[in-house]
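Here is the naming used below: chain letters follow the sequence lines, and residue numbers restart at 1 for every chain.
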Protein chains: 2
Amino acid sequence: MFIFTKYLSYRIKHMDNRKEKNESDAAGSDYMHGLAIDAVIFGFHDHQLKVLLMQYKRSNIYALPGGFIHKEENLEDAAHRVVSERTGLTDIYLEQFHVFGDAHRADPAPLRSIMMANGFEPGENHWLLQRFVSIGYYALVDFTKVTPMPDRIFDGCNWYGLNDIPPLMQDHETIVKKALESLRTNLDNKLVAFNLMPEEFTMNDLQALYETILDKKLLRPAFQRKILSLNILQRIAKKWTGGAHKAPYLYKFIR
Amino acid sequence: MFIFTKYLSYRIKHMDNRKEKNESDAAGSDYMHGLAIDAVIFGFHDHQLKVLLMQYKRSNIYALPGGFIHKEENLEDAAHRVVSERTGLTDIYLEQFHVFGDAHRADPAPLRSIMMANGFEPGENHWLLQRFVSIGYYALVDFTKVTPMPDRIFDGCNWYGLNDIPPLMQDHETIVKKALESLRTNLDNKLVAFNLMPEEFTMNDLQALYETILDKKLLRPAFQRKILSLNILQRIAKKWTGGAHKAPYLYKFIR
């Protein structure tokens, strides 16, 4: 979790005094201390699995979208809020997948430097410089419906192909890797993949998605047989391609 | 998590003054606040899946074993410590399965009453009466190797069959249910069940375990074929039964 930027967003939103010397300021006291959320937001586009990353202003620091938990907020609600704020979506498929709790997973020194460079003077025991345990969620979203939304702190909020991810802050690369493992495990037993598809899709689209997530080629007849046997797809109509070739069927997921 | 008893254990262990009026006492400051661990420890015995439960002294209050995370302790180490303290085991199969983070999952009022009945006078903002997010772990242990260990606070630390679980504190019944769901999901893709078996076992023992976890009967030939095809079992010798009947083979898990 990119602690400082979350914090900055909060400060600006609440128009706090920009000079801060008090350890127990209001910004800190509204959140549970020591606990954060990091979100791996997966989308599927151009036959590629992509994740949404934040880029910190005037730097090459990249981080997963993340946030904190308000003292009176349910954990799940906080996770939905975090993903909603970055994607503009409200109906989000979200899965809690792992808690990252190594005592020294995040070095506070760079955070302190960034804070000071931005006019903050955090005390030695500032809550943002303490240890954070981070709860990892992955979200599966329809790429075509997302409007990536940076905030006032981040220059960028953009999609990156899984193979083109820039170096990430702290243990965020581990978090992405673990999210992908969990997604693979849940592919069959929870049928999560449909959350990554647009409303209507062809069998080819779906197979491409499975192949991308699993990172291996699948045999078309076997794949099609397996998926159709689940009775979760509704065949809609032939896709009009305007060409002379046989048009593929369009399918829709029956929830 | 049965917050108060964890806390009492801690207090007694560290010989603190039993009268406490200070909010930020040393007992609290050694742990991360707002974060706890609850452990669902599964064992298999008499063809039954069992869980280890704590019973609070002079009461019918039952709770899952649990604990807190020291400020300098890795989350995984804390979970191992908690399970180790209650089972006497050191080599433990442990799986993080879910975080329980509803804002009002635990009512502080009964905790306060118990604390006061035991001579503590917790202030309004005492850390133990604040909100706790709990990280759920399940452990799979060899029933025959466990010595359930109560501490000075708990009268009891005993095994209970999944169908004979007494009413549990707070949301602990939900935690057990969720742990079981997760165990079922991981049965095939992680082959976790072997952690519940003794060193040597028969195919019948193993099938009984799978049937218990899945709560359904399995066909013996299909089960045996499936398990043997995984190439994870070593056949040892025939079990000596002393009788005239055909003795079953004994197997061992190859890690």
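- The line from NZ of B:Lys71 to CD of A:Gln130 is 7.5 Å long, rounded to the nearest 0.5 Å.
- Within 6.0 Å of CD1 on B:Ile254 lie more than 12 heavy atoms contributed by other residues, nucleotides or ligands.
- When the shell of 6.0 Å around CG of A:Leu219 is examined, it contains 12 or fewer heavy atoms from other residues, nucleotides or ligands.
- Rounded to the nearest 0.5 Å, atoms CD1 (A:Ile69) and CZ (B:Arg131) are 6.5 Å apart.
- Options B:Val99, B:Asp102, B:Val133 differ in how many heavy-atom pairs under 4.5 Å they form with chain A, and the most are formed by B:Val99.
- The shortest side-chain heavy-atom distance between B:Glu72 and A:His104 falls under the 4.5 Å cut-off.
- If you take CZ on B:Phe97 and NE2 on A:His98, they are separated by 14.0 Å, rounding to the nearest 0.5 Å.
- Of the listed residues A:Gly34, A:Ala103, A:Ala78, the one with more heavy-atom pairs under 4.5 angstrom with chain B than any other is A:Ala103.
- Under the 3.5 Å distance criterion, the side-chain polar atoms of B:Arg105 are left unmatched by any main-chain donor or acceptor of A:Asn74.
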